[in-house]
There are 2 protein chains.
Amino acid sequence: MPRWPTDSRARLVDAALGLFGEHGYAATTIDEIAARAGVTARTFFRHFGDKEEVLFSDDDSLMPHLITTILEPTGQVSAEQLMNRALTSLAQAMQPEREALRARQRIVDTEVSLTGRELAKQARWQQAVTEALIERGFPAEHADVLSAIGFALFVRSLHTWLADDDGPDLVTRVQDALPRVRTVLDVVSTR
Amino acid sequence: MPRWPTDSRARLVDAALGLFGEHGYAATTIDEIAARAGVTARTFFRHFGDKEEVLFSDDDSLMPHLITTILEPTGQVSAEQLMNRALTSLAQAMQPEREALRARQRIVDTEVSLTGRELAKQARWQQAVTEALIERGFPAEHADVLSAIGFALFVRSLHTWLADDDGPDLVTRVQDALPRVRTVLDVVSTR
DNA sequence: CGAGTGATGTCAGAAACTGTCATAGCAGCA
DNA sequence: TGCTGCTATGACAGTTTCTGACATCACTCG
């Protein structure tokens, strides 16, 4: 029998998400989170560098998935084909988690600093994708713009999918958005 | 004669930028900033909501400039033409500030939280631009993608311009990047 | 059985932030 | 001139986040 119950980290995540949902992010203290998880505040900071990180430590698992999809050797592909494959695969992986993602997004949207942290994480993903595209054989000056556009499309689709109660699913939204890049520069204003 | 010297806010900004540059962002305390500015820490927090804000309170002046350019009634224009005008105008406004921007960027790049804050501010700008595009007569579903692409291009150009010691100026970089969006989806990987 | 390891607790403390009240120039007005 | 309110600031106490240092004790490996 171990001296302490195992899985402190998981219990801290649960406690934090629960309390953030109940009382808001700013209104819950580390002491409260630690108490609900049955540990001390010091243990919280051993698992998470700061209060925000408890909201962002989980979803790192999707990143390798995305990179693998991009690097998968499938012969010559156009950027559009590859982007379609990668974004579809990511969307499929996220789709079952809709409710959890929604709860998390509700919390993130209440604090500018959390939004910033999310965007900083996205920027790191985007950088990793750019490097993968270069390794896959795309010229560097295109890889950069490609991953920027891909992320812009994906994030926009994700947010509307989480916000809308109904409407198309995430995969459909992503696949619909992609071809529009091709013509968007030619749209003309009405005044 | 006023009871205190005027311009506390400006002196706080100067003190903060100086100390951040000399000792780093994390290593300088609010007390040190306040002392150099000749005020107390409480006064710092009256002018800036938190330690980070002293780095971000200034450049809000460029936003109205950008929005005005977009809303300027110039008859029917394509998205590409308008984006070219808006980004060029913004680049021209920023170009003379290169050294100040560089110093600030050096500081921002040392801390993830500062990067996040910068990205969050960019996201607010992007939202404002999207709304301006809609008011200008672009359909909502395109305005969103347009501003996302525009910002991606501009930020990339800005960062390389600040990082490179020589090479083309910001306006040139921005104008070179824009037409590439049109073809980027057709680029083919070499393996 | 003894040495090391790893996750935790305990404690002290720095630094970031907040609420509250006091102070003293200054501006407007009778 | 004198009164009144306003505003920027100081003073101070308190909370919360985060860090460093050291102790504890079940578990494991030899």
Trainee: Taking atom C1' of C:dA14 as reference, at what distance in whole Å does atom NZ of B:Lys51 sit?
Mentor: 12 Å
Trainee: Would you say A:Thr40 reaches C:dG9's phosphate, i.e. side-chain N/O to OP1/OP2 under 4.0 Å?
Mentor: yes
Trainee: CZ/B:Arg98 to CG/B:Leu170 distance, rounded to the nearest 0.5 angstrom?
Mentor: 9.0 Å
Trainee: Please report the C-alpha distance between A:Glu97 and A:Arg104 in whole Å, then the side-chain angles of each, then the deciding distance to 0.1 Å, and finally whether the salt bridge (charged side-chain N to carboxylate O under 4.0 Å, His left out) criterion is met.
Mentor: CA-CA 11 Å; A:Glu97 307 293 331; A:Arg104 187 181 158 288; over 6 Å; no
Trainee: Output yes when at least one side-chain N/O atom of B:Ser8 is less than 4.0 Å from OP1 or OP2 of D:dA8, else no.
Mentor: no
Trainee: May I ask you to say whether B:Glu99 pairs ionically with B:Arg102, meaning some side-chain N is under 4.0 Å from a carboxylate O?
Mentor: yes
Trainee: Between atom CZ in B:Arg46 and atom P in C:dT18, what is the gap in whole Å?
Mentor: 12 Å
Trainee: Over how many whole Å does the gap from A:Glu111 atom CD to C:dC17 atom C1' extend?
Mentor: 14 Å
Trainee: Apply side-chain contact (heavy atoms from CB on, under 4.5 Å) to residues B:Arg117 and A:Ser113 and explain how you reach the verdict.
Mentor: CA-CA 7 Å; B:Arg117 184 102 166 207; A:Ser113 72; over 6 Å; no
Trainee: OP1, OP2 of D:dG10 versus side-chain N and O of B:Thr43: anything below 4.0 Å?
Mentor: yes
Trainee: Should the side chain of A:Arg42 and the base of D:dG20 be counted as holding a donor-acceptor pair, with the cut-off at 3.5 Å?
Mentor: yes
Trainee: Using a strict heavy-atom distance below 4.0 Å, which residues from residues 18-37 of chain A are in contact with DNA chain D?
Mentor: A:Thr28, A:Thr29, A:Ile30
Trainee: Is the closest side-chain donor-acceptor distance between A:Ser8 and A:Arg46 under 3.5 Å?
Mentor: no
Trainee: When you group the ILVMFWY residues by side-chain heavy-atom contacts below 4.5 Å and let the links chain together, are A:Phe48 and A:Leu17 in the same group?
Mentor: yes
Trainee: What is the distance, to the nearest angstrom, from the CZ atom on B:Arg9 to the C1' atom on D:dA8?
Mentor: 14 Å
Trainee: D:dT16 P sits how many Å from A:Glu52 CD, rounded?
Mentor: 18 Å
Trainee: Calculate, to the nearest 0.5 Å, the distance between atoms CG and CZ belonging to B:Leu82 and B:Phe138 respectively.
Mentor: 5.0 Å
Trainee: What integer distance in Å separates B:Phe44:CZ from C:dA15:C1'?
Mentor: 13 Å
Trainee: Starting at CG of B:Asp50 and ending at C1' of D:dT17, how long is that distance when rounded to a whole Å?
Mentor: 14 Å
Trainee: Expressed as a whole number of angstroms, how long is the span from A:Phe45:CZ to C:dA15:P?
Mentor: 16 Å
Trainee: Does a side-chain N or O from B:His47 land closer than 4.0 Å to OP1 or OP2 of D:dT9, or not?
Mentor: yes
